[in-house]
Each structure stands twice: as structure tokens, then as C-alpha cells.
Amino acid sequence: MTPLLMLAVPVVLVLGVLLWRRPQRGLLAIAALTPFHGLLAIVPGGEALSPWKEGLLLLTLGATFVSPYRRRLPAPSYPWWPAVVAWVAIGVLSALLVSGLAGIIAIKITYFYLVIPVILWRAPFDARDRDHLVSILMGTTAVTAVVGLAQQVIGGERLAELGYRWDEHLRISGGILRSFSTFTTPFAFGLFVMIGLIVGCSVSFADPHRLRNKLFLCATPIMVLGMGVTIVRASYIGLAVALLWLAVHRYRALFLGFGAAAALAPLVLFAVPSSILAPLFSSSSLGERGDGWSQTLSSLWVHPFGQGLGATGSAAADTVAQSNPMLSELSYTASVQFGFMPYQPDNYYMKLAVELGPIGVWLFVLVLVCAAVSTLRASRVLSGQDAALALGVSGTIVAAAVASTVATYLEIFPLDVYFWLLLGTVGCALTQHWSPRRSSLTASGSAPSHSDRPAVESRPTSASC
């Protein structure tokens, strides 16, 4: 611990100086590093470093209050903020009323990363920051996909020798290792690649001649294959729905891709071994989830306002783990089977129904609807890369809404980080588009950003809107 602390002091000092000069760097660092957070599982003493992300965000937030460069652009537009405030208010109130101070754990897990829009409100991203964020997302998606494919070659036994644990990190489905790349679970990996593909494809289609976008499009088959070996059906369905969303609202050529996929599907299903297809089309897990969801709906008659934030999901699991240290020796699956862990619904809507009742579910759905509509409208107002980014972000929200039916989406790290980061980034682009200060600030830079270049081919016409 002492060497780690000695190393942490100069790192914090250097970070403090960098963030004081420009707080936005903290969010870009979060975007670049969070996809590799799972590597701490095999780093000696890595568990002690786990709070680095919270620490960096709080340091960044603090920098927005002292940096002389914190507000050089107008505050971002957040049309969804009233729905978020209502959702947070009812969640915090239920957590404190039911669990007292112990409810802080549930509040932190559910709402901590809302600090990201607050940081962006105080230190908005400019066009270059947005461009860097897209580059980071594209790069990390490609790198993690390659690592995921490499895990298929390395094999589960050798990964276990590195320090990964069976049933916690390593899972087998139909005789196939479910890749998890640099994350801790296949779910986080698969859904992260889904986000990267949606945003990356939307931006690349708008400007396919840019070298970065060309490289991303060339690497798309690798990323799709990397997502495929996770055996996470939520990511497949979410990606398909999001691409359909992009096709309906702008990129009509994607309909040709859907047609080709439909024509090739029978050949692929015939050629792929049944051992691979069986886990994808198995109904056993869905049946188990359905039983739990039925019980959840029945419990609403007893608890119409929910059982309080933290009654289920990651917060409940963390509370149980802290009260019983021996659970650290058991895998998550074994803990659930022996009844040590509370019910995990694998459905974010059901989770909220258990904790906050129908009102909580309605508020969360309202957040999703407001976010999807506002980002879609932004894609029609903006131009160039910003318009493509806004459309891609709206696609990720639609995908998240779909994936939340079979996963506790906003409890899976770093999906929650990117959800609020991308949403806040679109708000920055929108206000800067209308602000008269935008042109003067852009002109003061050394070169124009790709976000400011008009892209006639990416701008929706009246027929496509």
C-alpha cells in the first residue's frame, strides 16, 4: 500500500495542474480509461485502486470551481433535466427513508455518474473535445474487440492462471468462452462495443473520407465479431434496433444492409455449428427471468411505491457482501444459488419497479424518451460531425432502452459513464451551435474542427425527417 500511496501523490498533483488548466481533460481521461478498468482484477492490489474513477471525477468537478478557463463557452442544453431531477429526488428520498444513512450506497451506485453532466455544465466540451471523445470511443472499441478475440485464442485456463475467476469473469456457454476483454463481465464488453459501433458508424457514415473514419469502418467486422463472442443477446438486439433507427432517420443505405443480412441469415444459420447457435436461441434463461419478473409484478400489490432504492440490484449485492466478508470467496453464481444474494432481476425496469414502484419506472422511461427525442432533434439542427454524433447518441439511448429489458443497463460499468457523457456532450454542441460566441471561439483556434465543417450528405432533408 505504501508504494501505491507514494505513487498516487505525484499523480494527483500532476492531474490537479492539468485539470486546473482545462477541466475537460478529466472527462476525456475517464472516457479513455474506464473501458480498461477491468484489468485491475489481475493487478496485485488492484482492488485498492478501484475508486480511481470516482476520485478523478470529483477532482475534475473541483477544478471547474477554481480553473480560470472553466467557462469559455455557453452552458449546455439539457431538456431532459426535469425528468432526471424528479427521478433522483424520489430515489434519494426512498433510499434515506428505508435504509437511512446506509442508503448512500444505493444512491451512489444509481446516481453518482450524474456528476458528469454537472461537470459539462460548468466546463462544456468544445468542438475539439467532442472530436477527441469520438476518436477515443472508436479507438477503445476497436482495441477491446481485439482483446476479446484474443481471449478466444488464449483460452479460459490460461486466463484463470492470470488471476481471472471462473463464474465471476470466466463463463462458458455452449462450450464457448464468453469473451469479456478488458472488462469484468461479457455483458459490459458486449454492450460497450454496441455503443462504440452505433456512435462510430453514425459519425463515419457522415464523413467516410476522413482517415480515422475509414479505419473505423474497415475495423467494423472485427468489432462485430468481438461483440459476437460475448454471447450477449442484448447487445445484438440493441445494435440492430439502433442501426434501424439510423436508417429511418438518415442513412437510407443501411436498409440494403438489412436486406442483405436477411438474405444471408439462412446460409449463416446452416453453416454455423449448432453448439454455437444453441446458447443464442436458448429460452431457459429467459424463462428463469420471466418467473422472477412475474413475482416482481405480483409484489407491487404489496409494495405499490416500491421497497426502497437499493432493495435489489448492485446496491443490495454490495450491502450483503460488506456484511458478510466470506462471500468474497464464493462466485456470484454460487452466492445466488445458496440464497446469500438478493434477487437480481436482469431487467432495469423490473429493478426500478421493485425499488421505486410504477412511479419510478415511469420517471425513468420519461428520462429515456426526453433524451432520445432531444438528441434526435439536435441531429436535425446541427451540421457536420455534431449532427452525426447527436444521431448516434440518440441511437445509443434507443439501444439502452431495449437492452434494459434484459439487463440492468445503468448498473453496468462503464455503460452508465458513457450514457451521461454522450448525452451531455450533445447538449454542449447544441448551445454552441446557436451561440454567437461560437464562431469567435472557433476562429481563435489553430485550425477548424471537423465538427464545424458542413456535411451536406449527412444533413437530413425534409423527406428523411
Side-chain angles (χ1 to χ4, degrees), residues 54 57-58 61 76-121 292-320 342-375 397-398 400-413 415-424 427:
E54 291 87 352
L57 281 175
L58 292 176
L61 178 63
S77 171
Y78 294 158
W80 37 266
W81 75 263
V84 171
V85 169
W87 179 43
V88 172
I90 190 174
V92 170
L93 184 62
S94 71
L96 296 178
L97 289 177
V98 174
S99 304
L101 292 179
I104 294 176
I105 297 176
I107 295 172
K108 182 263 180 185
I109 290 175
T110 308
Y111 300 126
F112 178 79
Y113 293 109
L114 277 167
V115 71
I116 292 175
V118 176
I119 293 172
L120 286 172
W121 181 70
W293 298 342
S294 298
Q295 296 175 7
T296 299
L297 293 175
S298 300
S299 70
L300 294 180
W301 294 104
V302 181
H303 303 283
F305 297 103
Q307 302 174 35
L309 193 71
T312 186
S314 299
D318 284 357
T319 302
V320 172
Y343 170 62
Q344 304 295 319
D346 288 330
N347 180 315
Y348 202 72
Y349 304 105
M350 289 296 171
K351 172 193 175 294
L352 290 177
V354 171
E355 296 181 335
L356 304 178
I359 295 177
V361 177
W362 177 76
L363 288 173
F364 176 66
V365 171
L366 187 61
V367 170
L368 293 177
V369 171
C370 292
V373 171
S374 64
T375 49
I397 295 167
V398 173
V402 174
S404 293
T405 60
V406 289
T408 51
Y409 188 88
L410 287 185
E411 284 196 342
I412 301 176
F413 182 83
L415 308 183
D416 45 2
V417 171
Y418 267 91
F419 183 89
W420 299 114
L421 179 58
L422 291 172
L423 196 54

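- Residues passing the side-chain contact (heavy atoms from CB on, under 4.5 Å) test with Trp81 are Tyr78, Val85, sequence neighbours excluded.
- The two residues Ala401 and Leu368 come nearest to each other via the heavy atoms CB-CD1, 3.8 Å.
- Counting heavy atoms from C-beta on, the side chains of Ser94 and Ile90 never come closer than 4.5 Å.
- Interatomic distance, Thr405 OG1 to Met350 CE, rounded to the nearest 0.5 Å: 10.0 Å.
- When all heavy atoms of Pro117 and Leu114 are compared, the pair lying nearest together is CD-O, 3.0 Å.
- The closest side-chain heavy-atom distance from Leu61 to Leu57 is not below 4.5 Å.
- A ring pair (Phe, Tyr, Trp, His ring centres under 6.0 Å) with Phe364 is found for one member of Tyr409, Trp80, Tyr348 and no other, namely Tyr348.
- Tyr111 approaches Trp87 most closely through the heavy-atom pair OH-O, 3.1 Å.
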Check the pair Ile109 / Ile105 against side chain to side chain contact (heavy atoms under 4.5 Å, CB included), numbers first and verdict last.
-> CA-CA 6 Å; Ile109 290 175; Ile105 297 176; 4.0 Å; yes
Decide side chain to side chain contact (heavy atoms under 4.5 Å, CB included) for Phe112 and Leu58; before the verdict, give the C-alpha distance in whole Å, the side-chain angles of both, and the deciding distance to 0.1 Å.
-> CA-CA 10 Å; Phe112 178 79; Leu58 292 176; 4.2 Å; yes
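- Here the shortest heavy-atom pairing between Pro79 and Ser374 reads CG-CB, 3.8 Å.
- Considering only heavy atoms from C-beta on, Val365 comes within 4.5 Å of Tyr349 through its side chain.
- Minimum heavy-atom separation, Leu356 to Gly91: CD2-CA, 3.9 Å.
- Note: Ile359 CD1 to Leu352 CG = 12.5 Å, rounded to the nearest 0.5 Å.
- Atoms CG and NZ, from Leu309 and Lys351 in turn, are 5.5 Å apart once rounded to the nearest 0.5 Å.
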Please lay out, stage by stage, how Leu96 and Ile107 fare under the test side chain to side chain contact (heavy atoms under 4.5 Å, CB included).
-> CA-CA 9 Å; Leu96 296 178; Ile107 295 172; 4.2 Å; yes
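- Distance check, rounded to the nearest 0.5 Å: CG of Leu423 to CD1 of Ile397 gives 5.0 Å.
- How far OG1 of Thr408 is from CG of Asn347: 9.0 Å, rounded to the nearest 0.5 Å.
- Relative ring orientation between Tyr113 and Phe413 is described as tilted, the plane-to-plane angle lying within the 30° to 60° band.
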